[in-house]
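So you know, we letter chains A, B, ... as the sequences are listed, proteins then strands, and number each from 1.
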2 protein chains.
Amino acid sequence: MSENNEKSQIKIEEAKDKVIGAIAETMDLYGVTPAAANLYATMYFKDQMTLDEMRTELEMSKPSMSTSVRKLQEIAMVKKTYTRGSRKHTYVAEKNFFRSFMVFYCQMWEREVKINMNAIEEAQDDLLNVIKESSSTPAMVAEAKKYYDQLEESKTYYHWLEDLIENIETGKIFECIPKKQKESLT
Amino acid sequence: MSENNEKSQIKIEEAKDKVIGAIAETMDLYGVTPAAANLYATMYFKDQMTLDEMRTELEMSKPSMSTSVRKLQEIAMVKKTYTRGSRKHTYVAEKNFFRSFMVFYCQMWEREVKINMNAIEEAQDDLLNVIKESSSTPAMVAEAKKYYDQLEESKTYYHWLEDLIENIETGKIFECIPKKQKESLT
DNA sequence: TATATTGTTAAATAAATTTTTAATAAAGTT
DNA sequence: AACTTTATTAAAAATTTATTTAACAATATA
């Protein structure tokens with residue numbers, strides 16, 4: 001019955017390919033290139049891979065694999081592993097989506113908070129100077145106040161984002177929104 | 001003292017420009033084009049704008065403004081308003097970052113959950129067939145089980161993401177991570 | 001230390017996206 | 001209903017981004 005055997009093997013490959021396609025498709029949300037998205041999705045069903053295995057599997061150039069892997073390492077979706085004996089570097093995909101989520105979004109949001117908070121602090125300084133400056137007309141003072149308050153209001157959001165980041169990084173968020181594990185097949 | 005007046009006006013403009021620059025810079029995180037990012041940041045300090053005002057202010061073409069505005073509407077960062085008397089359409093920027101956050105990320109995560117869950121369900125069906133199929137070799141069954149369990153495990157994440165979405169959309173998340181409002185200047 | 005192998009950087013090519021100009025459609029006014 | 005104004009769509013141009021080929025650097029092995 002080697003025909004049926006083959007059929008089963010094909011079914012397994014089809015099953016993997018469906019998931020690989022879906023992961024790759026949604027990974028544009030993580031701001032990675034199509035090559036990196038395909039690579040991660042492929043690695044999701046592998047123990048570990050070398051650069052040469054990657055380029056064979058995806059039929060792409062080695063530098064493309066190299067840059068893709070580095071990008072994926074930046075967002076902690078891939079880690080380098082040490083494999084004794086082999087002098088090729090080996091890499092493994094992070095298979096825990098919670099960890100990828102944490103690293104990616106916290107990194108992203110931290111950048112957003114930092115850049116915008118810096119700008120806001122500087123802008124509020126400027127606006128306070130206009131407000132205090134005796135030669136400013138009343139209309140200008142009013143305008144400066146309006147913007148100052150608008151910025152102050154927006155800081156509520158950035159502070160909240162900071163708290164969200166901390167709750168995610170410490171795992172405290174799972175007290176509020178728990179993980180619901182199901183049991184396995186075996 | 002019209003010189004000092006001018007200086008104050010310039011200071012106000014500088015203050016705005018700092019924030020506009022920062023918002024535009026971090027808006028690549030929201031997957032919008034530079035034109036749309038600049039547009040939103042500019043509108044953040046305006047009551048409302050028409051397409052013609054946008055193209056004058058940003059020195060870009062009208063179709064570019066038109067498509068940018070539509071993209072911003074999709075992620076609820078801009079809303080159309082009715083202005084009696086004017087036959088030009090007018091648009092306002094959503095200035096509440098919490099609302100933008102909610103719409104953007106929930107939309108994004110919903111898409112991720114839907115696409116991946118569909119693929120996982122189909123893949124698990126295939127894998128179950130392999131497992132049940134009497135002609136599958138023990139090695140194949142073992143492989144199919146391994147992948148099945150890996151996918152089952154990942155569903156914990158997608159279910160959690162669904163719960164996160166719901167907590168954000170209903171505002172329940174603020175019970176867990178509260179907003180900390182500061183008082184205004186006036 | 002020389003050599004072979006692997007990984008990375010740089011320049012060039014290819015592909016995709018963004019923006020503009022030009023044409024069309026839609027809406028409002030007289 | 002014709003005309004004017006505004007917004008959108010389609011095609012073309014320009015820009016940016018992704019990928020590859022080729023050269024270089026680094027590493028490990030003999």
Side-chain angles (χ1 to χ4, degrees), chain A residues 21 23-43 46 48-75 77-93 108 111, chain B residues 21 23-43 46 48-75 77-93 108 111:
Chain A
I23 292 177
E25 188 184 339
T26 52
M27 270 188 69
D28 63 320
L29 300 178
Y30 294 89
V32 301
T33 64
N38 274 317
L39 177 58
Y40 174 79
T42 303
M43 293 179 77
K46 301 265 185 186
Q48 55 172 32
M49 289 184 96
T50 66
L51 285 183
D52 284 309
E53 286 166 350
M54 292 172 196
R55 89 147 150 213
T56 302
E57 185 98 13
L58 303 197
E59 295 177 308
M60 294 189 86
S61 71
K62 209 169 180 179
S64 177
M65 296 299 96
S66 179
T67 49
S68 294
V69 151
R70 185 169 33 200
K71 174 75 188 170
L72 290 169
Q73 282 183 97
E74 275 169 27
I75 54 176
M77 300 193 73
V78 159
K79 286 211 179 64
K80 194 179 246 178
T81 50
Y82 290 104
T83 305
R84 289 170 53 123
S86 165
R87 60 197 215 177
K88 299 187 181 186
H89 299 176
T90 54
Y91 302 89
V92 294
M108 193 166 161
R111 180 176 153 236
Chain B
I23 292 176
E25 188 184 339
T26 53
M27 270 188 68
D28 63 319
L29 301 178
Y30 294 88
V32 299
T33 64
N38 273 318
L39 177 58
Y40 174 79
T42 302
M43 292 178 78
K46 301 265 185 187
Q48 55 172 30
M49 287 184 97
T50 66
L51 287 181
D52 284 310
E53 284 167 351
M54 292 172 196
R55 89 145 152 217
T56 303
E57 185 98 10
L58 303 197
E59 295 176 309
M60 294 189 87
S61 73
K62 208 171 182 179
S64 177
M65 297 297 95
S66 180
T67 50
S68 295
V69 151
R70 186 168 33 196
K71 174 75 189 170
L72 291 169
Q73 282 184 96
E74 274 168 28
I75 53 175
M77 299 193 74
V78 159
K79 285 209 178 65
K80 194 179 244 177
T81 50
Y82 291 102
T83 306
R84 289 168 54 118
S86 164
R87 59 198 216 180
K88 299 189 183 185
H89 299 176
T90 53
Y91 302 89
V92 293
M108 194 165 160
R111 179 176 152 236

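Close to C:dT5, at under 4.0 Å from its OP1 or OP2, lies no side-chain N or O of A:Lys88. Within the 4.0 Å cut-off from OP1 or OP2 of D:dT8, not a single side-chain nitrogen or oxygen of B:Lys62 is found. Distances shown here put a side-chain N or O of A:Thr33 below 4.0 Å from the OP1 or OP2 atom of D:dT19. Phosphate proximity of D:dT19 to A:Arg55: absent, as no side-chain N or O sits under 4.0 Å from OP1 or OP2.
Between B:Thr50 and B:Lys88 the shortest heavy-atom distance is CG2-CB, 3.9 Å. The two atoms that bring B:Val32 and B:Ala36 nearest to each other are CB-CB, 3.9 Å, heavy atoms only. Contact detail for B:Ala35 and B:Ser68: the closest heavy-atom pair is CB-OG, 3.7 Å.
In this structure, the nucleotide among C:dT8, D:dA18, C:dT20 sitting nearest to the side chain of B:Ser61 is C:dT20. Minimum atom distance to the side chain of B:Pro34 is reached by C:dT18, of the listed C:dT18, C:dT20, D:dT19. Considering only side-chain atoms of B:Ser66, the nucleotide from D:dT8, C:dT8, C:dT20 that sits closest is D:dT8. Among C:dT19, C:dG7, D:dT20, the nucleotide with an atom closest to any side-chain atom of A:Leu51 is C:dG7.
No donor-acceptor pair under 3.5 Å is formed between the side chain of B:Ser66 and the backbone N or O of B:Lys62.
When rounded to the nearest whole Å, the span between CE of B:Met49 and C1' of D:dT6 equals 16 Å. Here C:dT8 presents its P atom at 12 Å from CG of A:Asp52, a figure rounded to the nearest Å. The distance between atom CE of B:Met65 and atom P of D:dT9, rounded to the nearest whole Å, is 16 Å. Put simply, CG on B:Asp28 is 15 Å from P on D:dT16, counting in whole angstrom units. Counting to the nearest Å, the P atom of D:dA18 and the CG atom of A:Leu58 are 17 Å from each other. Between the NZ atom of B:Lys71 and the P atom of D:dT9 there is a distance of 16 Å, given to the nearest Å. Between B:Leu39 atom CG and C:dT18 atom C1' the separation is 15 Å, expressed in whole Å. D:dT6 atom C1' lies 11 Å from atom NZ of B:Lys80, rounded to whole Å.
Between A:Arg70 and A:Arg87, it is A:Arg87 whose nearest contact on DNA chain C lies nearer the 5' terminus. Of the two residues contacting DNA chain D, namely B:Pro63 and A:Thr67, the nearest-nucleotide position lying further toward the 5' end is that of B:Pro63.
Ion pair B:Glu57/B:Lys46 flagged as a salt bridge, since at least one NZ, NE, NH1 or NH2 atom sits closer than 4.0 Å to an Asp/Glu carboxylate oxygen.
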